[in-house]
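These notes concern the structure reproduced below.
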Amino acid sequence: MAIRLTPLNITSSALLVTIGYTFLDAEQTTGYSLSIWLLFSLFFLSTCSDILFRGTIKDLKRIWLIELLFVVLIAALTLLLKRI
């Protein structure tokens, strides 16, 4: 199985870097424990979703399309829930 770059791979790596930065910065300021758990749960969701999409869809163009739509949907839901 070849390693393929997908939108959820990019999202997972960005979330992992953000988790690391937040975790290292949390020593200086307090109140980051909720955001670390939220970021970790988003990282876990994106990693599991990427594995699921790779297993069910074989065409790379369709993977990109479906994963981009998934990332946009999750971002929109996150923004909606943040406003409530």
Side-chain angles (χ1 to χ4, degrees):
M1 185 173 181
I3 297 175
R4 298 178 287 185
L5 188 63
T6 60
L8 286 175
N9 278 346
I10 297 168
T11 305
S12 295
S13 62
L15 284 170
L16 194 61
V17 167
T18 307
I19 289 169
Y21 179 74
T22 307
F23 185 71
L24 292 175
D25 192 37
E27 296 174 353
Q28 297 173 359
T29 55
T30 58
Y32 279 135
S33 63
L34 180 63
S35 63
I36 289 175
W37 283 107
L38 177 66
L39 289 172
F40 184 73
S41 63
L42 285 174
F43 169 74
F44 185 73
L45 175 71
S46 66
T47 304
C48 291
S49 299
D50 186 44
I51 292 170
L52 179 76
F53 286 136
R54 282 175 184 244
T56 57
I57 304 167
K58 301 300 179 192
D59 186 28
L60 189 60
K61 288 181 184 180
R62 283 190 171 185
I63 289 176
W64 267 86
L65 179 67
I66 291 172
E67 286 188 4
L68 279 174
L69 289 173
F70 183 74
V71 168
V72 168
L73 177 70
I74 294 299
L77 286 174
T78 303
L79 290 174
L80 277 171
L81 290 175
K82 209 175 211 187
R83 286 190 174 197
I84 293 177

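Residues: numbered from 1 along the sequence shown.
- A ring pair (Phe, Tyr, Trp, His ring centres under 6.0 Å) check over residues 38-63, counting only residues at least two apart or in different chains, returns the pairs Phe53-Phe70.
- Summarising the geometry, atom CG belonging to Leu15 is positioned 12.0 Å from atom CD1 belonging to Ile10; distances are rounded to the nearest 0.5 Å.
- Every side-chain hydrogen bond (donor to acceptor under 3.5 Å, both in side chains) that Ser46 has, sequence neighbours left out, goes to Ser12.
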Would you give me the side-chain donor-acceptor pairs under 3.5 Å for residues 72-84, sequence neighbours excluded?
| unit_1 | atom_1 | unit_2 | atom_2 | d |
| --- | --- | --- | --- | --- |
| Thr78 | OG1 | Ile74 | O | 2.7 |

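- Note on residues 41-50: pairs passing salt bridge (Lys or Arg N to Asp or Glu O under 4.0 Å), not counting sequence neighbours, are Asp50-Arg54.
- Considering every non-hydrogen atom in both Leu38 and Ser41, the closest pair reads O-OG, 2.8 Å.
- Leu45 contributes atom CG, which lies 10.5 Å from atom CG of Leu52 (distance to the nearest 0.5 angstrom).
- Judged as a side chain to side chain donor-acceptor pair (under 3.5 Å), the pairs with a partner in residues 55-71 (not counting sequence neighbours) are, in order, Thr6-Glu67.
- No single ILVMFWY cluster, assembled from side-chain heavy atoms under 4.5 Å apart, contains both Leu60 and Leu8.
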